[in-house]
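The figures here come from the full heavy-atom set of this structure, side chains too, leaving out hydrogens, waters and symmetry mates. Residue numbers count from 1 along this sequence.
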Amino acid sequence: MPTVAFRDARTDRSSDSHTDGTEATGVFFAPVPSDSWNAAQHVPAIPQPTGGTAAELAPRWKAGSFAAPFMWKGRFSKPTSELVQAYGESVSFDWRLYAHDIRGSIAHAKGLEKAGIITAEECAAIERGLTEIQREIEMGDFEWQTSLEDVHMNIESELTKRIGQPGAKLHTARSRNDQIATDVRLYCKDATDQIIALVRELQRALIEAAERAGEAVLPGYTHLQRGQPVLFAHHLLAYVEMLDRDAARLADGRKRIDVMPLGSGALAGSTLIINREFVAKQLDFAAVTQNSMDAVSDRDFIAELLFSIALCGVHLSRLSEDIILWCSSEFGFVTLSDAHTTGSSLMPQKKNPDVAELTRGKTGRLVGNLMSLLTLLKGLPMTYNRDMQEDKEPLFDSIDTIKSALAVFAEMIAGMDVNASRTKSATNDPMLLATDIADYLVRIGVPFRQAHEIIGKLVAYSLRQKRGFAHLKIEEYRRFYKGFSRDVYDILKVDTALEARKGIGAPSPQNVKAQIKRWRKQLEA
């Protein structure tokens with residue numbers, strides 16, 4: 001995997017002069033994802049400065065150096081504190097927006113050309129320069145400078161250094177405010193598409209697991225107490241439904257992401273008029289924003305995406321809890337492959353469901369990231385405020401985490417086997433059919449509340465006698481209700497109980513087979 005080089009005055013003291021008057025020193029490396037990055041293989045780490053003690057990382061300036069970033073040095077006469085630079089830089093995490101930033105800049109340049117602000121030759125030079133920079137980033141040959149704060153200024157500075165005046169014209173009629181809003185929207189659109197695809201893969205894995213489970217039956221639980229018998233496949237399909245809602249939420253939220261803010265400037269647009277609809281078309285946006293102040297301050301789309309991710313994580317966490325229970329010796333309903341479990345450093349017999357446990361734990365991060373963003377936004381005045389820089393790390397972390405979790409879960413479910421003998425043993429509990437006997441009474445005319453009371457007393461009696469319903473004599477049944485007939489014994493079979501559950505959404509074998517067929521067709525479309 002390619003690496004990203006960063007130059008940072010905090011990690012090295014050697015000097016390196018640049019045409020913008022800044023001093024950038026030191027190098028550290030971290031992975032950078034390519035367009036073909038696969039969540040199932042790895043999650044890119046967020047690059048961080050490496051090495052050095054606290055004293056070595058303390059602010060130090062070389063005599064005569066000028067640290068004010070070049071985009072505002074006309075207004076400032078004193079260098080920016082090295083500590084402020086270190087505190088305020090974002091390139092150590094927003095570098096991953098590089099492809100979207102370059103794409104947005106190329107589209108903006110075409111808008112400038114269409115408006116007659118730059119020439120066709122200048123536009124072509126900008127596009128060539130940016131394309132070359134993107135290629136170098138993806139090869140790991142581009143050197144990022146934390147002294148230039150963010151991904152935008154690193155790319156623009158390097159472009160200007162390479163092509164001269166045309167590069168300096170690129171920022172005409174735009175601000176970093178509408179630039180970052182555009183970059184993040186492009187990033188979120190792509191991320192949403194990737195997450196939806198991974199959700200679909202997990203759905204497919206669950207459907208295949210449901211097919212492998214066949215006619216395996218297990219107790220359905222409420223309050224983690226045995227309730228009624230269901231097909232194992234029906235239980236798995238419940239999570240397919242959950243995930244489908246996740247995919248629908250993500251797709252719906254994508255509509256609100258798909259609006260271009262570029263051209264809104266810092267907060268009030270520009271007197272240099274760019275054809276925003278033309279630029280939006282270049283970037284495949286469905287619409288353009290209609291209020292420049294809202295456009296640069298809006299982070300609702302991130303909050304909505306983080307909510308959808310967090311809720312998807314909650315669903316995975318609930319599935320994790322089921323799997324953890326099912327894997328335990330007390331349940332023994334499923335077996336996970338060795339490839340998706342770990343052992344103990346002390347106890348050689350252990351086989352731990354770490355993937356499920358980690359996912360259950362990582363869900364806390366997803367919820368926390370959502371809360372972090374909402375807390376960040378709740379007190380901000382219009383329009384852009386520097387606080388908003390803090391929106392990206394929770395966003396990136398949540399996207400990385402959910403992509404990784406979905407991919408590894410799909411792989412784990414594909415290797416999960418159901419222990420049908422253990423699930424069958426658990427469903428031999430006669431109490432699972434208590435509701436079926438109450439339904440029997442209802443069918444012969446007993447009001448349900450009365451039937452419920454009768455069967456409650458029958459259950460208590462059965463437990464005292466330590467005999468299941470099938471082993472009670474008809475005379476014993478009639479102690480509680482004289483209308484019992486011998487045909488009550490016909491319903492005291494799990495297979496019969498399941499066959500009778502034919503209502504829409506119920507777990508009869510016919511229904512479950514139909515649902516599997518429906519889902520397969522829907523996911524193949």
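Checking D183 against H100 by side-chain atom types alone, no donor-acceptor pair falls below 3.5 Å. A donor and an acceptor atom, one from each side chain of Y187 and R96, are located under 3.5 Å apart. Between the side chains of Q203 and R200, a donor-acceptor pair is found at a separation under 3.5 Å.
One finds a salt bridge joining R226 and D429 here, because a Lys/Arg side-chain nitrogen approaches an Asp/Glu carboxylate oxygen to under 4.0 Å. With respect to D490 and R486, no salt bridge is recorded, no charged nitrogen being found less than 4.0 Å from a carboxylate O. Ion pair D439/R501 not flagged as a salt bridge, since none of the NZ, NE, NH1 or NH2 atoms sits closer than 4.0 Å to an Asp/Glu carboxylate oxygen.
Remark: D193 engages R254 in a side chain to side chain donor-acceptor pair (under 3.5 Å) (not counting sequence neighbours). For E277, the salt bridge (Lys or Arg N to Asp or Glu O under 4.0 Å) test picks out no residue, with sequence neighbours left out. In this structure, F301 has no ring-ring contact (aromatic ring centres under 6.0 Å, His included) partners at least two apart in sequence or on a different chain. Annotation: salt bridge (Lys or Arg N to Asp or Glu O under 4.0 Å) contacts of R204 (sequence neighbours excluded): E201. Under the rule for a salt bridge (Lys or Arg N to Asp or Glu O under 4.0 Å), the partners of R467 that lie at least two apart in sequence or sit in another chain are E476. For Y477, the side chain to side chain donor-acceptor pair (under 3.5 Å) test picks out no residue, with sequence neighbours left out. Every residue was checked against the side chain to side chain contact (heavy atoms under 4.5 Å, CB included) condition with S425, not counting sequence neighbours, and none meets it. Residues passing the salt bridge (Lys or Arg N to Asp or Glu O under 4.0 Å) test with R365 are D397, sequence neighbours excluded. Residues satisfying the side chain to side chain contact (heavy atoms under 4.5 Å, CB included) test with L325, not counting sequence neighbours, are L224, E321, F331.
You'll find the side chain of I491 reaches within 4.5 Å of the side chain of R443, heavy atoms only. Side-chain contact between Q389 and D150: absent, with no pair of heavy atoms (C-beta onward) separated by less than 4.5 Å.
Nearest heavy atoms, N177 versus Y384: ND2-CB, 3.4 Å.
The backbone N or O of G313 sits less than 3.5 Å from a side-chain atom of T363, completing a donor-acceptor pair. Between the side chain of S462 and the backbone N or O of L458, no donor-acceptor pair lies under 3.5 Å. Of the possible donor and acceptor atoms, one in the side chain of N385 sits under 3.5 Å from a partner among the backbone N and O of T383. The backbone N or O of L262 sits less than 3.5 Å from a side-chain atom of T182, completing a donor-acceptor pair.
Atom CZ of R318 has 12 or fewer neighbouring heavy atoms from other residues, nucleotides or ligands inside a 6.0 Å radius.
Note that OH of Y440 and CG of L433 are 14.5 Å apart. Values are rounded to the nearest 0.5 Å. Remark: L243 CG to H315 NE2 distance equals 8.0 Å, nearest 0.5 Å. One finds the CG atom of L218 at 10.5 Å from the NE2 atom of H234 (value rounded to the nearest 0.5 Å).
In this pair, Y481 and F484 present their aromatic rings perpendicular. The plane angle is above 60°, beyond the 30 to 60° band.
Listed by first then second residue, pairs satisfying side-chain hydrogen bond (donor to acceptor under 3.5 Å, both in side chains) with a partner in residues 329-339 read T335-N419, S337-H340, D338-K351, not counting sequence neighbours. Applying the side-chain hydrogen bond (donor to acceptor under 3.5 Å, both in side chains) test to every pair with at least one member in residues 208-222, sequence neighbours left out, gives these pairs: E211-R520. Legend: salt bridge (charged side-chain N to carboxylate O under 4.0 Å, His left out) pairs involving residues 507-518, not counting sequence neighbours, sorted by first then second residue: E241-R518.
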Practice task
List the steps, then state whether side-chain contact (heavy atoms from CB on, under 4.5 Å) holds for I323 with L336.
Solution key: CA-CA 9 Å; I323 290 173; L336 299 178; 4.0 Å; yes

